[in-house]
Amino acid sequence: MPELPEVEVTRRSFADRIAGGTVRGVALGKPLRWPLGVEPDALVGQCVRSVGRRGKYLLMELDGGWLLLHLGMSGSLQFAPVLPPAGPHDHFELDTSRGRLRLHDPRRFGAVVHVPSLDHPRAVRLLGGLGVEPLEAGFDPVRFHQALRLRRAPIKQVLLAGDIVVGVGNIYASEALFRAGIRPTTRADRISGPRAARLHGAIVDVLQRALALGGSTLRDFLSAEGQSGYFQLDAMVYDRAGQPCRQCTTAIRTIRQGQRSTYFCPLCQAR
DNA sequence: AATTATACCTGACAGC
DNA sequence: TGCTGTCAGGTATAAT
């Protein structure tokens, strides 16, 4: 469910409210992708110092370490002083003096992992290979082009890999490539400087726009405040197979790349 | 080293 | 009404 905008919207919805709270209890449901990595009771009494983000990971700083939270495909967070009774898909809950944070994740591809520091091998393994943040200054067109020149895989899959630039998931990859007029199957190393620059701009644009709109939601995205996003109202190609291109009316096509669906306009994205 | 396939899990939906 | 197969916003890990 969540790509970078959704994760960031989620973060902003509770970061300031939970900061300064003291952990009163931890409740676990079914196993998530990885074990928590700490005895839950060991977190009790610790203060929540901040909630940051790296790629699609949320980084919650506690007195004695960090919680890395990932929403996977179907995860969402809720934060409120009081929450309704936990359901069968609620698998992690942090009870703090400022409110309760709950991870709801039917598919359980998400994760909550505790590490003593961000230098810890576990954290480095998860975060160390991540590419640059697309909405920060480190993401510049020239370096982006240079990185693409080293990759022969299809550009769509290179974007999804997240080791050049993070946060671009399956929806925004298709959307950004459409805006840049680039066919998703194009080898990354065959993209010229100007076209890479255009793609760079498209990525920034589509992510910023989604962020401003509160995150996309093709199904059930809710921020931790329960607000629904509405990016789906103007998806140009994603999930629009067979429908007319909003720019040229040609039928949008879908293909499979690395077991994921890709959508594009065969005319607007000629190569 | 880069690329591709596999695995994790549940629910929704289409077709029979 | 089942049943089966397919698909779904991710990504670490194994295999090539």
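Within every chain, numbering begins at 1; the chains are lettered A, B, ... in the order of the sequence lines, protein sequences first and strands thereafter. Side chains included, hydrogens not; waters and symmetry mates left out as well; all remaining heavy atoms used.
The same atom, P, is picked in B:dT6 and in C:dT6; the two are 14 Å apart, to the nearest Å. Going from the P atom of B:dG11 to that of C:dT11 covers 22 Å, rounded to whole Å. Comparing the P positions of B:dA5 and C:dC7 gives a spacing of 15 Å, expressed to the nearest Å.
Residue A:R107 places none of its side-chain N or O atoms closer than 4.0 Å to OP1 or OP2 of C:dG9.
Searching all strands for a Watson-Crick or G-U wobble partner of C:dA14 with both distances below 3.5 Å returns B:dT4. With a 3.5 Å ceiling on both atom-pair distances, C:dG9 lacks any Watson-Crick or G-U wobble partner.
Remark: P of C:dG10 and CD of A:E3 are 5 Å apart, rounded to the nearest angstrom. The CH2 atom of A:W34 sits 14 Å away from the P atom of C:dG10 (whole-angstrom rounding).
For the residue pair A:I164 and A:F144, the shortest heavy atom distance occurs at CG2-CD1, 3.9 Å.
Using a 4.0 Å heavy-atom cutoff across all strands shown, A:R260 reaches at least one base atom of the nucleic acid. Note on A:L160: nothing from the nucleic acid sits closer than 4.0 angstrom, heavy atoms only. Within 4.0 Å of A:R33, counting heavy atoms only, lies at least one base atom of the nucleic acid. A:G169 comes within contact range of the sugar-phosphate backbone alone, with a heavy-atom separation under 4.0 Å but no base atom that close.
At least one donor-acceptor pair under 3.5 Å links the side chain of A:H91 to the backbone N or O of A:K30.
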Show, in sequence, the C-alpha distance, side-chain angles and deciding distance for A:L211 and A:R12, and conclude whether the side-chain contact (heavy atoms from CB on, under 4.5 Å) test is met. CA-CA 11 Å; A:L211 191 52; A:R12 292 179 183 177; 3.7 Å; yes
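Checked by atom type, the side-chain pair A:S261/A:R256 shows a donor-acceptor distance below 3.5 Å.
In A:R152, the CZ atom is not crowded: 12 or fewer heavy atoms of neighbouring residues, nucleotides or ligands sit closer than 6.0 Å.
For the pair A:F109 and C:dT11, the ring geometry does not qualify as stacking, because the centroid separation below 5.5 Å and plane angle under 30° are not jointly satisfied.
Near DNA chain C, defined here as any heavy-atom distance below 4.0 Å, there are no residues from residues 142-154 of chain A.
Residue A:R256 places its side chain closer to C:dC7 than to any other of B:dG11, C:dC7, C:dT13.
Relative orientation of the A:H70 and A:Y57 rings is perpendicular, given thresholds of 30° and 60° on the angle between their planes.
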